[in-house]
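Right, one structure below, let's go through it.
Fair warning: this is a prediction, and the values are worked out from it, not measured in the lab. Each chain gets a letter, A, B and so on, in the order its sequence line appears, and its residues count up from 1.
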Amino acid sequence: MRLIYFAWVRERIGKPEEDVELPAGIETVADLLRWLKSRGEEYENALQYPDVIRVAINQEHVGHREKIAGAREIALFPPMTGG
Amino acid sequence: MAGAVVPAIRIQGEDFDVAAEIAGLTRGRADIGAVVTFSGLCRDEQGALSALELEHYPGMAEAEIGRIAAEAVERWPLQGLTVIHRHGKIAPGENIVLVVAASAHRQAAFEAANFLMDYLKSRAPFWKKEHLADGSEGGWVEAKEADDHAADRWTKSGE
């Protein structure tokens, strides 16, 4: 599964994207954020406050309770500031 | 009621010409009575900003603005709709975003343009980073709660 990061999430994790193999038991976006946060200091730093992280699955906004089965691409980013 | 208005969505690095975009919607037509345009510009309040850098999510930016535009076309009787959002480095005074809404009557055009901007602010995947005049990075612009509330006011009751 491909993970893509934007803005300060990308800067803090230190890379724009990566392919990951998820361990068993990671079913929802919230599970994914919790697992990622445990992968090292840079992830801990980026995902310190998981509630503020916005998530898109296959380029559509989703909530943290969304199931991630079947996702090709999951993007994590801060609240948007376009317009 | 207009049948199949297909919104024109463009995500681009280069600037746009507001007059040309209006002409593009209205040329050769006599049924449009109202065109509302909104232009968003890069603003510098204290002379401290050298540029804003707009990062975006390629693919999703087009898709999400497309979804917002499709909802606008469904809610208001529009005869044309153009949305352009720039990315990359943008200097103070330059254009960032353009919405052009055309309709038979002004109310639909005003409301659709307003709706589009409220949703673009809170749902279109763009992020602004400040570059300061002294050469340093000013950090990421923080999202405003007021922008989320502005979008909420368009939610139909009961949803």
- Part of H87(B) lying under 4.5 Å from any heavy atom of chain A: neither

- Item | Heavy atoms from other residues, nucleotides or ligands near CZ of R29(B) exceed 12 (cutoff 6.0 Å) | yes

- Query: Between Y57(B) and L52(B), is there a shared hydrophobic cluster once you connect ILVMFWY residues whose side-chain heavy atoms come closer than 4.5 Å?
  - Reply: no

- Straight-line distance of M60(B) CE to F6(A) CZ, nearest 0.5 Å: 9.0 Å

- Message: Using modelled atom types and a 3.5 Å cut-off, is there a donor and acceptor pairing between side-chain atoms of W127(B) and backbone atoms of P78(A)?
- Response: yes

- Item | Lys/Arg N to Asp/Glu carboxylate O, E60(A) vs R123(B), below 4.0 Å | no

- Ranking E55(B), K121(B), E53(B) by heavy-atom pairs under 4.5 Å to chain A gives rank one to E55(B)

- Shared ILVMFWY cluster between I90(B) and L49(B), side chains joined below 4.5 angstrom? yes

- Sub-4.5 Å side-chain heavy-atom contact between K129(B) and E11(A): yes

- From the list G59(B), A63(B), G139(B), the residue making the most non-hydrogen contacts under 4.5 Å with chain A is G59(B)

- Note on the structure: Taken to the nearest 0.5 Å, the spacing of L54(B) CG from T81(A) OG1 works out to 7.0 Å

- Message: With a 4.5 angstrom heavy-atom cut-off, is it the side chain or the backbone of R86(B) that approaches chain A, or both, or neither?
- Response: neither

- Does L47(A) share a hydrophobic cluster with M80(A), counting links as ILVMFWY side-chain heavy atoms below 4.5 Å and allowing steps through other members? yes

- Message: E64(B) vs H61(A), test: side-chain contact (heavy atoms from CB on, under 4.5 Å). Steps then yes/no.
- Response: CA-CA 9 Å; E64(B) 188 62 28; H61(A) 292 296; 3.5 Å; yes

- Query: Got more than 12 heavy atoms from elsewhere within 6.0 Å of CZ, R106(B)?
  - Reply: no

- Backbone of G83(A) reached by a side-chain donor or acceptor of H85(B) within 3.5 Å: yes

- Contact part of D148(B) toward chain A, heavy-atom cut-off under 4.5 Å: side chain, backbone, both or neither? side chain

- Task: Consider only side-chain heavy atoms of I, L, V, M, F, W and Y, link residues closer than 4.5 Å, and tell whether I11(B) and I84(B) are in one cluster.
- Result: no

- Single-linkage hydrophobic cluster, 4.5 Å side-chain cutoff, Y119(B) and V73(B) together: yes

